[in-house]
Amino acid sequence: MKKHYIMLLLLCVCTMMTAQDNINHHHQEDSTDVFFRHMKLNELVVTGVTGDTKLKNATAPISIIRPQELRSTASTNVIDAIAHQPGLSQLTTGGGISKPIIRGLGYNRVVVMSEGVRQEGQQWGDEHGVEVDGGAVNSVEILKGPASLMYGSDAMAGVIILHSQPIAAEGTMHANANTEYQTNNGLFGYSLSFAGNQKGFVWDARFSHKMAHAYKNKYDGYVPGSQFQERAGRLRLGLQKQWGHSWLTWTAYHLTPSIIEGERDEETGELTSNYSPLTSYEKSLPFQQVKHYRLVWDNAVNLPSGMLKAIVGYQQNRRQEFEDDMDEYEAFFKLHTLTYDIRYLTQEWNGWKLSAGIGGMYQQSLNKGEEALIPEYRLFDFGLYATASKQLDRWTLNGGLRFDHRHLHGDELMEDDEQRFVDFRRHFNGVTGSVGAVWNVSDHLDMRLNVARGFRTPNLSELASNGIHEGSLRYEIGNRDLKAEYSLQADLGLDFTSEYVSAQLALFANRIDNYIFMHRLPEEVEEGYLTYAYTQGDARLLGFEAGIDVHPVHSLHFENTFSYVDARQLNQSNERIKYLPFTPAPRWTSEVKWELMHHSHTTVGHHHVEGSHVHGSNGLSLNNVYLSAGIECYLKQDHIYSADDTETPTPSYTLVNMSAGTDILLKHKKIAEVYITADNLLNRAYQNHLSRLKYTDMNVVTGRQGVYNMGRNVTFKLVVPISL
């Protein structure tokens with residue numbers, strides 16, 4: 001039976017999503033030339049299984065979010081900024097915290113890479129976001145599907161690579177200032193940077209600050225506990241020479257989000273709050289204090305036959321939860337992480353490229369607070385891998401193998417003469433790999449097929465949690481007998497580009513053995529907190545992403561995308577438990593974008609326009625002007641794990657969005673970028689299916705369960721580049 005299933009996977013499966021060009025357009029380029037932009041994708045360099053590769057030749061599904069798209073997107077955090085990509089979703093907690101979900105899989109199944117190392121910040125928790133400054137992210141690369149070959153355990157769903165600003169060109173210095181304001185939650189943020197390259201000595205410094213008060217929606221009004229403050233700093237120093245590079249990068253990230261409890265007045269049904277006014281930017285109880293520090297040493301040496309890369313990173317994550325007192329924390333998780341990766345990449349010869357490497361991680365987690373949800377633990381792992389690719393005339397073939405070993409040791413804890421956690425050890429070994437091919441059928445059509453095996457060990461929360469998780473408002477129970485997850489996923493992708501139409505279709509089928517998930521227990525261990533426990537079973541996920549962009553003229557685009565995933569437990573006839581919990585709802589997006597003009601000039605003072613030239617020294621011009629209107633339609637999600645009310649169906653809803661933007665030029669030199677975005681323009685009251693706030697208290701007056709997402713929000717952004 002399994003053989004037939006594998007054959008079915010190979011015949012029917014998926015990938016390659018809407019890939020967008022990551023090229024920094026000079027202001028002289030015509031942004032309306034869509035055919036030119038899509039053809040440039042062929043030359044776009046991205047991360048591949050053997051190092052660097054062209055996107056056109058990538059066998060696994062990859063999406064690219066280019067710098068201008070990131071800057072023009074309204075968001076409250078870096079994951080929120082990319083969550084509208086096909087196949088990508090987010091699990092939200094208020095406005096400040098988002099967790100990435102790729103094709104229905106999230107938490108420790110998604111690896112986030114920042115500054116070249118994997119982001120480690122207790123990502124097992126619902127309300128534990130990604131501790132990265134969005135202002136420091138220049139572009140994003142999304143790998144969909146098992147990527148354990150290059151990234152080891154946890155990269156079962158995929159990898160999100162957050163790229164920082166490229167190193168400045170030799171002999172240049174530049175600065176950048178940007179600021180934004182959002183009307184719904186009063187979010188105000190700014191980011192300042194200064195970078196340069198003088199005789200091979202490179203530097204890049206940045207400081208960012210963001211704060212927001214409680215957001216509001218039509219049903220709840222202002223939502224107490226949704227305010228947050230964020231501060232971040234970054235400094236890179238190093239050398240960039242002909243022999244290679246050596247950089248040292250330090251980052252610091254501080255986030256103070258209050259916690260939305262969703263408690264309501266028993267008579268009025270209104271959300272209760274212990275502070276006022278709700279438009280205050282000050283934190284309120286309960287709240288978290290998250291601090292994340294990172295130091296990364298990144299090296300590359302050019303050798304006669306290839307390149308040797310070595311990167312070592314240290315991270316410290318400090319997560320405190322304050323419940324009753326502003327100055328005394330109840331929970332305090334302190335996580336130390338040391339990561340390393342050393343790889344050798346050969347130069348191409350006769351169409352072949354090879355790479356081999358070793359990478360791993362050491363972790364130590366400590367409990368410094370009065371309350372403990374998971375035990376203190378130590379983790380050690382390493383992986384050995386090798387990859388190969390072969391370039392033929394119109395074919396690209398690649399593949400590789402990897403071996404991983406992980407050791408976990410959880411410590412015993414006694415509380416009031418009772419054993420809270422037992423001392424235990426677990427060892428896991430995994431063999432993973434992938435094989436894929438790209439057929440460049442023509443200059444306009446590419447076909448991709450990839451089959452990959454993924455591997456993930458249970459995390460400490462799944463194995464050994466035993467206590468109240470205040471941020472998630474529930475009591476959680478782990479299972480020390482959980483087995484490692486293994487997946488086999490096949491992807492089939494078609495990518496068509498012409499002068500007037502661009503279209504993509506990505507199909508995927510994923511079989512996961514020992515899939516771990518959380519379900520609700522009927523009885524409460526602690527009064528006032530719902531009880532959830534971890535279990536596992538075999539699962540399969542099927543789905544696709546499809547997109548089409550019609551541009552009958554260069555200045556007009558009509559783009560549509562659709563994402564769908566069906567996630568089920570195998571061998572389950574009971575309708576209440578046959579679906580995997582918390583699967584994203586099907587989503588259709590549609591956008592009409594009108595790029596109005598290229599290099600349109602305006603009159604300033606007493607100067608006037610003549611043809612396409614401006615006379616006088618104060619002439620201003622606009623470039624890359626656009627207007628867009630679109631909808632996001634989320635279909636009803638009733639494929640749920642409904643046993644013991646673990647989750648509830650979510651009705652369909654549609655959001656209407658509009659945006660506009662332009663570059664402002666002075667004497668043909670860009671002096672600013674301006675963006676205006678209106679999200680949820682019609683102020684629709686809705687609950688995202690992945691929002692944990694759906695399950696807070698019921699409004700006894702209206703009968704509505706839980707807290708709703710943000711209402712209408714208008715964002716104003718200003719970006720000012722400064723050349724020195």
Side-chain angles (χ1 to χ4, degrees), residues 67 70-82 93-98 114-115 119 121 127-138 162 164-165 174-195 203-215 225-236 249-259 275 277-284 287-295 315-320 322 326 672-677 710 713-722:
L70 271 182
R71 294 195 299 270
S72 64
T73 301
S75 63
T76 56
N77 58 72
V78 66
I79 299 302
D80 185 33
I82 66 176
T93 303
I97 297 174
S98 298
S114 178
E115 306 294 351
Q119 181 79 13
E127 80 295 358
H128 299 176
V130 176
E131 299 90 352
V132 173
D133 172 24
V137 178
N138 182 66
L162 307 176
S164 57
Q165 186 77 21
H174 58 83
N176 184 280
N178 63 70
T179 185
E180 66 177 310
Y181 177 76
Q182 298 184 10
T183 58
N184 186 289
N185 58 356
L187 184 148
F188 172 73
Y190 64 89
S191 186
L192 308 170
S193 69
F194 175 49
W203 71 90
D204 192 346
R206 178 178 294 273
F207 176 77
S208 302
H209 182 212
K210 186 185 297 180
M211 57 183 180
H213 60 64
Y215 76 80
S226 58
Q227 71 272 31
F228 66 92
Q229 291 210 33
E230 176 186 296
R231 291 183 177 87
R234 177 179 185 269
L235 176 63
R236 169 178 285 177
T249 305
W250 170 85
T251 64
Y253 177 89
H254 290 185
L255 175 67
T256 308
S258 293
I259 296 175
Y275 75 104
L278 290 173
T279 54
S280 169
Y281 291 92
E282 296 297 322
K283 60 180 179 287
S284 66
F287 69 91
Q288 295 184 73
Q289 178 70 60
V290 182
K291 298 179 180 180
H292 194 92
Y293 304 100
R294 177 174 39 222
L295 185 65
Q315 299 173 72
Q316 184 185 120
N317 185 273
R318 303 162 62 92
R319 183 175 299 275
Q320 299 169 315
F322 297 79
M326 288 284 186
E673 300 174 21
V674 178
Y675 304 101
I676 302 175
T677 304
M710 187 182 294
N713 188 32
V714 181
T715 301
F716 302 89
K717 277 190 177 183
L718 175 65
V719 180
V720 180
I722 305 170

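With rounding to the nearest 0.5 Å, the separation of NE2 in H174 from CD1 in I722 is 11.5 Å. Taken to the nearest 0.5 Å, the OG1 atom of T251 stands 10.5 Å off from the CG atom of L235. The NE2 atom of H128 sits 11.0 Å away from the CG atom of L255 when rounded to the nearest 0.5 Å. From F287, atom CZ reaches atom CD of Q229 across 11.0 Å, with rounding to the nearest 0.5 Å. Taken from CD in Q119 to CG in N317, the straight-line distance is 8.0 Å, to the nearest 0.5 Å. To the nearest 0.5 Å, atom CG of residue D204 and atom OG1 of residue T249 are 8.5 Å apart.
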Item to check | CA sep, side-chain torsions, deciding dist, call: T179, V720, side chain to side chain contact (heavy atoms under 4.5 Å, CB included) | outcome: CA-CA 9 Å; T179 185; V720 180; over 6 Å; no
Checklist entry - Stepwise, does the side chain to side chain contact (heavy atoms under 4.5 Å, CB included) test hold for N176 with V719? => result CA-CA 7 Å; N176 184 280; V719 180; 3.8 Å; yes
Checklist entry - Can K291 and E131 be said to form a side chain to side chain contact (heavy atoms under 4.5 Å, CB included), step by step? => result CA-CA 8 Å; K291 298 179 180 180; E131 299 90 352; over 6 Å; no
Next on the checklist: Between H213 and S280, is the side chain to side chain contact (heavy atoms under 4.5 Å, CB included) condition met? List the steps.
Outcome noted: CA-CA 6 Å; H213 60 64; S280 169; 5.9 Å; no
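A distance-only check finds no donor-acceptor pair linking the side chain of H209 to the backbone of G189 [under 3.5 Å]. Checked by atom type and distance alone, the side chain of Y281 pairs as donor or acceptor with a backbone atom of G186 at under 3.5 Å. Side-chain atoms of R234 never come within 3.5 Å of backbone atoms of A136 as a donor-acceptor pair (strictly under, hydrogens ignored). Under a 3.5 Å cut-off, the side chain of E230 and the backbone N or O of D133 do not form any donor-acceptor pair.
Looking at E115 and R236, a side-chain N of the basic residue comes within less than 4.0 Å of a carboxylate O on the acidic one, giving a salt bridge. Classification of E673 and R71 as a salt-bridged pair holds, one side-chain N sitting under 4.0 Å from a carboxylate O.
Counting heavy atoms from C-beta on, the side chains of R206 and S164 never come closer than 4.5 Å. Residues N713 and T183 form a side-chain contact, since some pair of their non-hydrogen atoms from C-beta on lies under 4.5 Å apart. In this structure, I676 and V714 have side chains that are in contact, with non-hydrogen atoms separated by less than 4.5 Å. At a threshold of 4.5 Å between non-hydrogen side-chain atoms, the residues V78 and L70 do not count as touching.
A donor and an acceptor atom, one from each side chain of Q227 and S284, are located under 3.5 Å apart. Inspection of the Q316 and R318 side chains reveals an N or O donor paired with an N or O acceptor under 3.5 Å. S98 and N77 form a side-chain donor-acceptor contact under 3.5 Å, judged by distance and modelled atom types alone.
Each of T76, N184, L278 was evaluated against Y215; a single residue qualifies, N184, per the side chain to side chain contact (heavy atoms under 4.5 Å, CB included) test.
What you find for L295 and W250 is that their closest heavy atoms are CD1-CB, 4.0 Å. Summarising the geometry of Q289 relative to T256, their closest heavy-atom pair is OE1-OG1, 3.1 Å, with the distance given to 0.1 Å. Between F228 and P257, the shortest heavy-atom distance links the atoms CB-CA, 3.8 Å. Minimum interatomic distance between R319 and Q288 (heavy atoms only, all atoms of both residues): NH1-OE1, 3.1 Å. Nearest approach of L718 to A672, heavy atoms of both residues: CD1-CB, 4.0 Å. Closest non-hydrogen pair, S75 versus D80, comes out as CA-OD2, 3.2 Å.
Between F207 and Y190, the ring planes lie tilted relative to each other; the angle falls in the 30° to 60° range.
Aromatic ring centroids of F716 and Y181 lie 6.0 Å or more apart. For Y293 and H254, the ring centers are positioned less than 6.0 Å apart.
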